[in-house]
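What follows is one structure encoded as structure tokens, with my remarks underneath.
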Amino acid sequence: MNDYLQKIISKSLQQFELDALPEIQTEAPKIASHGDASTNIAMMLAKPLKNNPRAIAQLIIDGLNYDEKKISAVEIAGPGFINFRFAEDYLFDELAGILKSGESYGKTDSLSGNKVLVEFVSANPTGPLTVGHGRNAVLGDTVARLLEWTGADVTREYYFNDAGRQMRVLGQSVQARYLEQLGKDSEFPEGGYEGEYIKNIAADLIREKGDALAKSDDWVPFKEKAEEAIFADISHTLERMKINMDSYFNEHSLYEDGSIEQTISKLRKLDLAYDADGATWFRTTQFGKEKDTVLIKSTGEPTYRLPDIAYHANKLDRGFDLCIDIFGADHIATYPDVLSGIESLGYDKSKIDVVVYQFVTIVKDGQPFKMSTRKANFVTLDELMDEVGSDVTRFFFLMRSPNTHLEFDIAQAKEAGEKNPVFYLQYAHARISSILRKTEEAYSFKKEPKLQLLEHSAEKSLIKTLLRFPEFIQSAAESREPHRLINYLNDVASAFTTFYHDCRIIGVENDLAQARIQLAKATARVLKNGLTILGISAPEKM
RNA sequence: GCGCCCGUAGCUCAACUGGAUAGAGCAACUGCCUUCUAAGCAGUAGGUUUCAGGUUCGAGUCCUGACGGGCGUACCA
């Protein structure tokens with residue numbers, strides 16, 4: 001419909017002989033009495049045409065050639081808005097279209113043919129996933145789902161590094177617990193991982209290998225065992241959250257295939273890398289930074305920036321048209337260097353899009369709670385899902401704009417029970433399912449439905465709401481903001497509930513009942529498709 | 001100090017990227033279950049959108065400054 005409006009408006013605008021045609025914006029007014037669609041184009045043109053907006057609006061309307069099967073009225077309102085009212089036939093046709101499209105209703109092809117990589121979670125396997133990781137995981141997965149609905153071929157990737165200092169300390173922590181449990185002398189490493197899970201891993205090792213590992217002071221086998229166990233745990237958690245990674249990318253492979261070497265030597269050739277004070281530096285001052293940045297420490301060990309640059313080059317080498325990174329706000333300062341690096345290596349940095357989400361503030365016992373994996377101060381995602389399930393968990397992280405600090409009150413989430421907003425959506429779906437079950441017994445229809453019987457204002461407004469679904473998927477996908485879809489689905493549930501109260505199905509005359517059933521089915525379709533994108537179930541009973 | 005993000009109802013947050021009368025959910029108050037699920041509905045109350053300027057037909061949204069909070073600002077990841 002928006003496309004159609006833009007087409008007819010731009011035709012009418014030809015009368016003005018403008019040099020530059022401004023973008024024609026259409027939007028759905030907030031207030032129903034303002035019509036079904038509206039454009040501000042007359043006000044945009046007031047200045048270039050040196051005329052008042054209402055007069056321009058009248059000229060545009062006079063030159064408008066529209067299909068009366070789609071639009072029933074056009075009027076000028078307020079300072080110069082042009083408001084359109086949709087024709088009933090259009091609404092009914094589109095409603096039938098929803099039922100016809102079924103489980104693909106809402107899909108678009110705006111990104112079809114595009115290969116997209118979404119990298120998220122990417123936590124090193126030093127401990128279980130906590131609610132702190134939850135926002136990253138759920139946001140990344142849902143952005144991926146949204147992009148799939150716009151036609152993209154999406155790969156979900158988990159990037160990790162099992163070679164760094166963190167992992168060494170992890171191995172040593174397990175080693176210390178292992179020796180401790182065997183009753184031998186042990187020294188717990190400085191800054192070691194204190195969690196209970198470390199002891200469990202050590203206990204498993206004793207069960208499997210007895211004291212065989214006590215003979216050497218090599219911590220590597222402990223690290224390997226810990227990595228394996230923790231990764232298994234992480235994968236299990238992700239699975240519970242309905243997240244399936246397509247690919248795990250180990251930073252280590254960038255050293256093995258020479259990418260790190262290549263990257264640094266290319267940067268040297270470009271004179272963007274140089275040696276000083278025993279380290280190798282990246283000339284980030286060239287890109288507007290105050291200081292240059294270390295790429296390789298004097299110990300010979302690269303900082304994370306170098307592999308990050310090589311990794312992103314690797315992504316683009318794999319032929320992805322778009323690479324999305326999901327980052328917490330603490331990484332905000334690091335990616336400009338990566339983008340600079342990528343660009344100097346000759347890649348198109350616009351293919352990399354970084355989604356930054358603000359931190360989750362955990363509130364526990366009414367107090368802000370600082371989590372630390374190392375100190376074992378955390379609430380795991382598994383614990384949370386044990387309490388509230390994956391639907392509520394996902395919903396909680398998706399409810400808010402990524403750009404705002406999310407307050408996560410553990411107690412509130414746990415006792416959420418009946419009060420949780422996710423239930424409102426699921427409840428609407430369950431109600432419809434229940435009605436459909438009952439109508440199957442009560443009615444049998446032989447004729448085509450007569451949708452034109454849907455004349456009640458609650459019916460009309462529900463239809464109009466349902467028709468906006470694709471538009472919201474598109475905007476949620478483009479902005480990488482799943483909460484927009486949630487807000488929309490709330491509107492759907494709310495419009496349905498009004499319809500439910502005003503318009504009975506069972507007990508009314510046959511043709512009307514049949515038409516209303518079609519509307520209920522279309523509503524269920526939208527709710528189900530929407531919840532599917534969010535990775536949340538659409539129950540038939542509650 | 002500098003950079004990024006945020007500041008909207010008592011609390012948690014929306015507001016379709018500059019549009020018309022700023023909206024929901026909790027919490028409070030008043031009603032509504034012999035009719036398709038009351039995990040619901042209808043209504044009341046709650047606001048100088050932190051403050052001060054600016055830009056224009058029009059600002060919660062953009063620009064400047066102040067105040068308040070978060071995160072960065074390492075040869076840590």
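Just so we're on the same page: letters track the sequence lines, and every chain starts at 1. Every value quoted in this text rests on a predicted model; they were computed, and no experiment measured them.
Backbone-only engagement by Thr497(A) is indicated by non-hydrogen atom pairs under 4.0 Å involving sugar-phosphate atoms exclusively. Asp277(A) comes within 4.0 angstrom of a nucleotide base, judged by non-hydrogen atoms across all strands. Within the 4.0 angstrom heavy-atom criterion, base atoms lie near Ala279(A). The residue Lys541(A) sits close to a base: some heavy atom pair falls under 4.0 Å. Residue contacts for Tyr304(A): at a heavy-atom cut-off of 4.0 Å it reaches a base atom on one of the strands shown.
The phosphate of A42(B) (OP1 or OP2) has no side-chain N or O of Tyr500(A) nearer than 4.0 angstrom. Side-chain nitrogen and oxygen atoms of Lys291(A) include none within less than 4.0 Å of the OP1 or OP2 phosphate oxygen of C2(B). In this model, the phosphate group of U37(B) is approached by a side-chain N or O of Lys438(A) to a distance below 4.0 Å at OP1 or OP2. Contact between the side-chain N/O atoms of Arg305(A) and the OP1/OP2 oxygens of C75(B) is not found at any separation under 4.0 Å.
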**Request:** Let me have a per-nucleotide readout for nucleotides 12-22 of chain B, 5' to 3', with B, S or -, counting only protein heavy atoms under 4.0 Å.
**Result:** BSSSBB-BB--

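Rounded to whole Å, the distance from CD1 on Ile435(A) to C1' on C36(B) is 5 Å. A straight line from CZ of Phe396(A) to C1' of C26(B) spans 11 Å, rounded to a whole angstrom. One atom, CD of Glu540(A), and another, P of C36(B), lie 20 Å apart when rounded to the nearest Å. Rounding to whole angstrom units, CZ of residue Arg165(A) and P of A74(B) are separated by 17 Å. To the nearest angstrom, P of G3(B) lies 13 Å from NZ of Lys289(A).
Every residue meeting the side-chain hydrogen bond (donor to acceptor under 3.5 Å, both in side chains) condition with Glu157(A), not counting sequence neighbours, appears here in chain and number order: Ser247(A), Tyr311(A), Arg318(A).
In this structure, Phe231(A) has its ring center closer than 6.0 angstrom to the ring center of Phe160(A). Taking the six-membered ring for Trp, Tyr158(A) and Phe249(A) have ring centres at least 6.0 Å apart. Taking the six-membered ring where the residue is Trp, the centroids of Phe86(A) and Phe84(A) are separated by 6.0 Å or more.
If you check A66(B) for Watson-Crick or wobble pairing at under 3.5 angstrom, you find it paired to U50(B). Under the Watson-Crick or G-U wobble criterion, with both distances below 3.5 Å, C29(B) is paired with G43(B). Base pairing analysis places C71(B) opposite G3(B); the two distances defining the Watson-Crick or G-U wobble pair are each below 3.5 Å. Of the nucleotides present, G23(B) is the one that pairs with C13(B) by Watson-Crick or G-U wobble criteria, both distances under 3.5 Å.
Ion pair Lys375(A)/Glu194(A) not flagged as a salt bridge, since none of the NZ, NE, NH1 or NH2 atoms sits closer than 4.0 Å to an Asp/Glu carboxylate oxygen.
In this structure, Val74(A) and Asn83(A) have side chains that are not in contact, with every pair of non-hydrogen atoms separated by 4.5 Å or more.
Base orientation at C33(B) is syn, since its O4'-C1' glycosidic dihedral falls within 90° of 0. U48(B) takes the anti form, because its glycosidic angle lies more than 90° either side of 0.
U55(B) and A14(B) have their C1' atoms separated by 27 Å, given to the nearest Å.
Counting non-hydrogen atoms of other residues, nucleotides and ligands closer than 6.0 Å to CD of Glu190(A) gives a total of 12 or fewer.
Shortest non-hydrogen contact noted between Ile61(A) and Glu75(A) is CD1-C, 4.2 Å.
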